[in-house]
Amino acid sequence: DIVMTQSPLSLPVTLGQPASISCRSSQSLVHSEGETFLSWYQQRPGQSPRRLIYKVSNRDSGVPDRFSGGGSGTDFTLKISRVEAEDVGVYYCMQGTLWWTFGQGTKVEIK
Amino acid sequence: EVQLVESGGGLVQPGGSLRLSCAASGFRFSDHWMSWVRQAPGKGLEWVANIKQSERYYVDSVKGRFTVSRDDARSSLYLQMSSLRVDDTALYYCARLNYTGYRYFDHWGHGTLVTVSS
């Protein structure tokens, strides 16, 4: 099984400041098709997960452009350029290359 | 608008059974892979099962105990759970899996809570 490891697990951020979350996989996420199936989700308090990013760096429709994803192989990053109050919640990375596994989640809160 | 509405959760004793349902609308149900993802209280997300037509896949921890099925005519997804254990306690989400070329969950329901306790 592919294990996904996120860091940090807790991320206090000042409003308007950037934030960065790391996600590492236990093996390469490059699929035999040549694609890398790494996605990111946001779960606001009391809500269902919401998709943000798919295939490493593609923002879903309606996702603000302050969110960006990057990385390759086994190392990936979700960045928020300027954190807003509505960004509070838990963020999960997920791999879909070999079955589907999620990271532990990173809780983003306002300082 | 895509909508996924789960039902069927509740309190069940260890060793018992429960059947979850998910009513889908707003898209051509039969064209899509569908999934169950669960979240134990205060914990992270765990993929449980996928189904598309006759293809079914499960996480190892539920193999032999859970069965995923669907009724395309009713746009409904089901999860039959048996031999339930305390560690199956979770909020169970129905999710649409965008499989071909993407392999991620693009729509989620609000979840139905399953509590396994004596």
Side-chain angles (χ1 to χ4, degrees), chain A residues 1-7 9-10 21 23 25 29-63 69 76 78 89-108, chain B residues 1-7 9 20 22-24 26-27 32-52 55-63 66 68 90-113:
Chain A
D1 292 359
I2 296 179
V3 177
M4 305 298 289
T5 303
Q6 290 182 228
S7 63
L9 300 184
S10 178
I21 300 170
C23 175
S25 56
L29 297 187
V30 180
H31 192 269
S32 57
E33 299 172 4
E35 301 277 11
T36 300
F37 297 115
L38 186 284
S39 53
W40 289 94
Y41 300 84
Q42 175 195 61
Q43 188 173 32
R44 291 173 172 149
Q47 295 188 13
S48 305
R50 165 201 179 197
R51 66 187 198 265
L52 291 178
I53 303 280
Y54 62 92
K55 289 201 292 187
V56 182
S57 59
N58 297 274
R59 261 193 315 274
D60 267 281
S61 59
V63 175
F76 304 92
L78 175 70
V90 181
Y91 291 79
Y92 296 93
C93 62
M94 186 200 79
Q95 67 82 19
T97 295
L98 180 62
W99 306 113
W100 289 265
T101 49
F102 293 88
Q104 318 98 301
T106 295
K107 186 174 185 178
V108 172
Chain B
E1 178 194 2
V2 173
Q3 287 197 344
L4 300 169
V5 180
E6 303 91 337
S7 61
L20 307 184
C22 170
F27 64 101
H32 291 268
W33 284 83
M34 295 298 297
S35 304
W36 290 98
V37 178
R38 67 184 178 183
Q39 186 169 34
K43 302 297 184 182
L45 300 165
E46 179 184 40
W47 164 70
V48 174
N50 291 343
I51 183 170
K52 174 84 183 290
E55 290 187 66
R56 308 176 190 197
Y57 301 103
Y58 302 92
V59 69
D60 285 347
S61 60
V62 308
K63 284 180 183 176
F66 290 11
V68 62
L91 186 63
Y92 283 73
Y93 292 105
C94 168
R96 191 178 81 171
L97 174 60
N98 193 329
Y99 186 86
T100 305
Y102 296 93
R103 299 180 70 123
Y104 80 117
F105 305 109
D106 63 359
H107 291 278
W108 299 67
H110 292 292
T112 186
L113 182 62

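The basis for the numbers below is simple: all heavy atoms, side chains too, and nothing from hydrogens, waters or symmetry mates. Residue numbering restarts at 1 for every chain, and letters A, B, ... go by the order of the sequence lines.
Under a 3.5 Å cut-off, the side chain of A:S48 and the backbone N or O of B:G109 do form a donor-acceptor pair.
The two residues A:W99 and B:R103 make their nearest non-hydrogen contact at N-NH2, 4.4 Å.
The choice from A:P49, A:G105, A:G103, A:G96 that makes the most heavy-atom pairs within less than 4.5 Å of chain B is A:P49. Of the listed residues B:V37, B:D60, B:L97, B:N98, the one with more heavy-atom pairs under 4.5 angstrom with chain A than any other is B:L97.
The aromatic rings of A:F102 and B:F105 sit parallel to each other, their planes meeting at less than 30°, with 60° as the upper class boundary.
Counting heavy atoms of neighbouring residues, nucleotides and ligands inside a 6.0 Å radius, atom NE2 of A:H31 exceeds 12 of them. Open room surrounds NZ on A:K107; 12 or fewer heavy atoms of other groups in view lie less than 6.0 Å from it.
Residue B:T100 holds its OG1 atom at 8.5 Å from CD of A:E33, rounded to the nearest 0.5 Å.
For an aromatic pair to be called close, the ring centres must be under 6.0 Å apart, and B:Y104 with A:W100 fails this.
Contacts between A:Q43 and chain B at a heavy-atom distance below 4.5 Å involve the side chain alone, from C-beta outward. Heavy-atom distances place no part of A:N58 under 4.5 Å from chain B, backbone and side chain included. Only the backbone of A:T97 comes within contact range of chain B, judged by heavy atoms closer than 4.5 Å.
Contacts with chain A (heavy atom to heavy atom, under 4.5 Å) involve these residues of residues 42-50 of chain B, listed by number: B:K43, B:G44, B:L45, B:E46, B:W47, B:N50.
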